[in-house]
Amino acid sequence: MTQQENLCDIGFIGLGVMGKNLVLNLADNGFTIAAFDLDNEKVADAIKQDKLENNSDNERVIGCSSYTELLSKLKSPHLIVLSVPAGEPVDQVSESLIGAGIQPDDIVIDTGNSLWVDTVAREEKYKNNFILFSSAVSGGEEGARFGPSLMPSGAPYAWTRIKPIWEAIAAKVDPVTGKPLERTKPGEIIEHGESCTTYIGPAGAGHYVKMVHNGIEYADMQIICEAYHVLRAGLSLSTNEIADIFEQWNKGPLDSYLMEISVEVLRHKDSEGQPLVDLILDKAGQKGTGLWTAVSSLQVGAPAPTITQAVYARSISSFKDLRITAEPLLSGPELISFTSESKKEFIDNLHDALYCSKICAYAQGFQLMKLAEKEHGWRLNFAGIAKIWRAGCIIRAAFLQSITDAFERNEELESLIVDEFFAKQLSNNQMSWRKAIANITLMGIPAGALSSSLSYYDSMRTSVLPANLLQGQRDYFGAHTFERVDKPKGKKFHVQWGTAEKNMIEL
Ligand code: 6PG
């Protein structure tokens with residue numbers, strides 16, 4: 001055996017929940033790993049768990065107690081995976097690796113949820129020290145362990161090295177049905193199927209795409225929560241009854257991981273038999289990726305109200321004390337009473353509202369990526385992105401196959417809402433969506449993401465909007481000029497408002 005063969009394939013830094021599970025996944029797939037964490041116990045724990053799961057004394061994970069030791073245990077050029085919190089820690093580890101003697105042809109993969117512009121800056125900053133590659137991971141703890149969705153980007157040379165490893169550990173999809181091929185047991189390997197990873201583009205592109213994934217995740221979660229709220233507070237259904245409804249919905253076009261886990265959360269009882277969801281404080285946390293998506297949508301001019309509203313909903317939820325103060329002060333409507341027939345109709349309409357809003361959220365996310373692609377000079381493969389979201393990631397859903405099909409039908413598709421399949425889905429369900437929103441509004445139950453999605457739909461399907469009056473207002477107070485529908489495109493006009501039309505100036 002040569003000296004190289006004795007060395008590990010991959011160096012791994014950061015053995016938190018995601019890191020440890022990625023390490024175990026890599027080991028299952030036949031890679032040897034030199035692992036390091038500032039907390040030695042985490043290293044010991046990963047090694048112990050691997051031995052337990054592996055059921056042998058085979059050393060697939062080698063513990064290291066310093067960055068220098070980690071580098072010394074790796075094949076050259078070194079391949080190092082970081083699973084550390086986004087932001088400052090990525091730079092701290094990078095500097096430590098430089099101190100430990102990392103080489104310019106070594107590759108460091110940042111798998112955290114870094115802000116994409118930071119990734120671009122880091123690639124430049126460290127280019128003389130090592131090759132910074134990024135590959136956000138989606139799928140939480142279970143995804144990391146049994147197959148995540150991976151969004152790699154950076155130097156193409158680095159990708160050729162990483163690709164076989166990433167394809168091995170990523171989630172797999174049945175190429176015929178487009179359905180996830182589940183892997184649930186340690187040691188289990190799925191060798192066939194399409195891997196949920198594809199090269200996204202240059203530095204930052206992968207983190208941008210992951211950011212939008214999370215923006216859609218925020219929207220998807222919020223619309224499910226709003227539907228739950230309507231059923232719980234508006235219809236006074238029990239958590240079990242709502243779980244039954246969601247379970248039923250999960251068998252149709254709403255089939256998704258987020259729907260599935262919502263059913264489980266709703267069914268969970270605490271030790272005294274109470275539905276746990278009733279006891280969880282209604283203040284939502286957020287780490288920032290949804291906010292970044294909303295900010296980016298405003299910056300590039302991509303309308304994304306469902307996503308943005310989902311971020312607002314989390315902020316509003318955090319004002320618990322203010323909401324408690326306001327509740328007795330601000331009146332709302334009486335509850336609507338339903339007959340069993342009208343209740344059933346309302347629940348069916350709510351299903352359609354959820355489905356249409358979900359289409360809007362994904363349409364907004366994909367349009368945002370399309371505009372960002374232009375702005376940043378990337379070349380994104382939208383069918384490819386939809387494909388790698390079909391399994392492993394948090395927003396995995398049956399209808400991601402329909403999104404894949406839409407972009408495969410038309411690579412240049414401007415928005416999913418004008419794709420023949422999705423246009424039909426929206427058109428067929430728009431009346432029930434409207435009825436649901438009308439009733440929810442009359443009930444006084446907040447459903448900002450569901451209702452702003454409808455408003456988005458109505459705005460996007462309307463060839464004439466009131467922006468004509470808005471342009472008049474802008475020209476009135478600021479001489480900002482306007483175009484006319486009856487004159488050639490691009491010709492600008494300004495009026496001395498308050499006087500006769502003959503005062504119009506052509507610019
Ligand atoms: C994923 C998740 C993951 C994480 C989010 C949670 O794709 O696996 O999106 O990245 O759970 O960062 O974000 P919030 O804390 O902002 O909800």
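Just follow the structure's listing: the first ligand is 1, and inside any ligand the first atom is 1.
Close approach of ligand 1 to G140 is summarised as follows: ligand atoms under 4.0 Å from at least one heavy atom of the residue are 8 (O). Atoms of ligand 1 found under 4.0 Å from any heavy atom of H213, numbered from 1 in the order shown, are 7 (O). Of all atoms in ligand 1, numbered sequentially from 1 with element shown, those under 4.0 Å from a heavy atom of N214 are 5 (C), 7 (O), 9 (O), 10 (O), 12 (O).
Remark: minimum distance from atom 8 (O) of ligand 1 to any protein heavy atom is reached at G139 N, 2.9 Å. Of the protein's non-hydrogen atoms, the one nearest atom 7 (O) of ligand 1 is S138 OG, 2.4 Å. With hydrogens left out, the protein atom closest to atom 16 (O) of ligand 1 is Y218 OH, 2.4 Å, a heavy atom. When only non-hydrogen protein atoms are considered, atom 2 (C) of ligand 1 lies nearest to E217 OE1, 3.4 Å.
For R267 and E247, the salt-bridge test passes: some basic side-chain N is under 4.0 Å from an acidic carboxylate O. Using a cutoff of 4.0 Å between basic side-chain nitrogens and carboxylate oxygens, R323 and D282 are scored as salt-bridged. In this structure, E53 pairs ionically with R145, as a charged nitrogen and a carboxylate oxygen lie closer than 4.0 Å.
Residue G290 places no heavy atom under 4.0 Å from ligand 1.
A ring-centre distance under 6.0 Å is not found for Y199 and W378. For F36 and F12, the distance between ring centers is not under 6.0 angstrom. When ring centroids are compared, Y355 and W433 stay outside the 6.0 Å threshold. You'll find the ring centres of Y362 and F422 outside the 6.0 Å limit.
Between Q286 and ligand 1, no pair of N/O atoms sits closer than 3.5 Å. Between I394 and ligand 1, no N or O atom pair is found at a separation short of 3.5 Å.
Between the Q364 side chain and the T306 main chain, a donor and an acceptor come within less than 3.5 Å of each other.
Scanning M151, K210, E142, K287 for the heavy atom closest to atom 3 (C) of ligand 1 points to K210. Atom 4 (C) of ligand 1 has its nearest heavy-atom neighbour, among V311, L291, N113, in N113.
The ring-ring contact (aromatic ring centres under 6.0 Å, His included) test applied to Y126 returns F130, not counting sequence neighbours.
Heavy atoms of R314 found under 4.0 angstrom from ligand 1 belong exclusively to the side chain.
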